[in-house]
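Sending over a structure as structure tokens; questions will come in a sec.
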Amino acid sequence: MKRLIVLAFSAALLSACATSPTLYAPQTAPRGAGYTEYRLEAGRYRVTFQGNPGAPVNQVSDYALLRSAELALRDGYDWFRVADRMTQQTGSNSGSTLSIGGGSSSYDYGRRGGSSVGLGVGTSFNLGPGPAVSSSMEVVFGKGQPPRDADVYDARAIVRTVGQGRAAV
């Protein structure tokens, strides 16, 4: 019976650590993983990608860029500029910690005196999947040769690099 309890506890502990992968797809549930877009005006969108808990920040940001590139190409544009960008994390991200403590004392019992020293080491582990990350950006589309600015992206190049790169994830 003890063995069964230990196995059940171990299985529950491991399932608490499991995270579901963040796939590139439309968001189908509120606060679920996936992309959403909102057309602000012709050639201007707000694009958001919400990752599952534990998804890497770079993956979430890349997926928001990929959706922006797909929208630009779908609407007949060649490039896009990120006019505004925001990344948010929700949930806990307290990782493992290690702490060391010490103490000393002295005592005097008449002729017998002495001292003692103690040392303690403790650790804790965060078994949760980590925070959920979302990346939201306002993008403005353009045609022709893209300007040479840091926040300007060639839509076809993003689809080629990020879109094909996600197949390997």
Side-chain angles (χ1 to χ4, degrees), residues 6-98 123-169:
V6 170
L7 286 173
F9 179 74
S10 298
L13 193 60
L14 287 174
S15 68
C17 298
T19 61
S20 54
T22 297
L23 302 175
Y24 182 77
Q27 188 178 49
T28 58
R31 297 190 183 134
Y35 60 78
T36 59
E37 70 263 351
Y38 178 75
R39 184 177 178 264
L40 300 169
E41 62 184 14
R44 188 182 208 85
Y45 281 84
R46 166 114 13 235
V47 177
T48 302
F49 192 91
Q50 173 70 47
N52 281 322
V57 174
N58 289 343
Q59 179 189 29
V60 172
S61 297
D62 285 352
Y63 283 178
L65 285 173
L66 177 58
R67 184 60 186 158
S68 299
E70 290 174 344
L71 291 170
L73 294 173
R74 182 194 73 188
D75 291 355
Y77 294 94
D78 301 311
W79 55 268
F80 63 95
R81 176 189 314 271
V82 177
D84 185 33
R85 183 185 318 229
M86 181 175 65
T87 302
Q88 292 181 311
Q89 289 187 349
T90 57
S92 173
N93 191 22
S94 57
S96 59
T97 61
L98 176 67
T123 185
S124 68
F125 300 96
N126 177 14
L127 299 176
V133 177
S134 71
S135 178
S136 183
M137 53 186 66
E138 183 178 326
V139 293
V140 180
F141 300 150
K143 292 182 180 182
Q145 189 67 26
R148 294 197 179 270
D149 291 338
D151 286 331
V152 173
Y153 298 88
D154 181 310
R156 284 175 188 78
I158 293 295
V159 168
R160 230 180 359 263
T161 56
V162 176
Q164 289 177 356
R166 72 184 170 88
V169 174

Holding to salt bridge (charged side-chain N to carboxylate O under 4.0 Å, His left out), I want the full list of residues that pass it with Asp151, two or more places apart in sequence or in another chain.
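Salt bridge (charged side-chain N to carboxylate O under 4.0 Å, His left out) list for Asp151, sorted by chain: Arg85.
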Quick check: closest heavy atoms across Thr87 and Val133, and the distance to 0.1 Å?
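Result for this residue pair: CG2-CG1, 3.8 Å.
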Can you tell me how far CG of Leu73 sits from OG of Ser68, rounded to the nearest 0.5 angstrom?
11.0 Å
Yes or no on side-chain contact (heavy atoms from CB on, under 4.5 Å) for Asp62 and Thr161, after CA distance, side-chain angles and deciding distance?
CA-CA 10 Å; Asp62 285 352; Thr161 56; over 6 Å; no
Least distance between heavy atoms, Met137 atom then Ala64 atom
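Smallest heavy-atom distance, with atoms named: CE-CB, 3.8 Å.
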For Phe141 and Leu71 the tightest heavy-atom approach is CZ-CB, 3.7 Å
Please find the pair of heavy atoms, one from Ser135 and one from Val60, that lie closest to each other, and give the distance.
N-CG1, 3.6 Å
Closest non-hydrogen atom pair, Asp78 against Gly144
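Between these two residues, the closest heavy atoms are OD2-N, 2.6 Å.
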Decide whether Glu70 and Tyr35 meet the rule of one side-chain donor and one side-chain acceptor closer than 3.5 Å.
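No, because no side-chain N or O of Glu70 sits under 3.5 Å from a partner of the opposite role on Tyr35.
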I'd like a table of donor-acceptor pairs (distance under 3.5 Å, sequence neighbours excluded) in which one partner is a side-chain atom from residues 42-56, with atom names and distances.
| residue | atom | partner | partner atom | Å |
| --- | --- | --- | --- | --- |
| Arg44 | NE | Glu138 | OE2 | 2.6 |
| Arg44 | NH2 | Glu138 | OE2 | 2.9 |
| Tyr45 | OH | Arg74 | NH2 | 3.0 |
| Tyr45 | OH | Asp75 | OD2 | 3.0 |
| Arg46 | NH2 | Glu138 | OE1 | 3.2 |
| Thr48 | OG1 | Ser136 | OG | 3.0 |
| Asn52 | ND2 | Ser20 | O | 3.4 |
| Asn52 | ND2 | Ser20 | OG | 3.3 |
| Asn52 | ND2 | Pro21 | O | 2.8 |

How long is the gap from CD1 on Ile158 to CZ on Arg160, to the nearest 0.5 Å?
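Rounded to the nearest 0.5 Å, the CD1-CZ separation comes out at 9.5 Å.
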Can you find a pair of side-chain heavy atoms, one from Trp79 and one from Pro147, that are under 4.5 Å apart?
yes
Identify the two heavy atoms, one from Thr22 and one from Tyr63, that lie closest to each other, and give their separation to 0.1 Å.
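In terms of heavy atoms, the two residues are closest at O-CE1, 3.9 Å.
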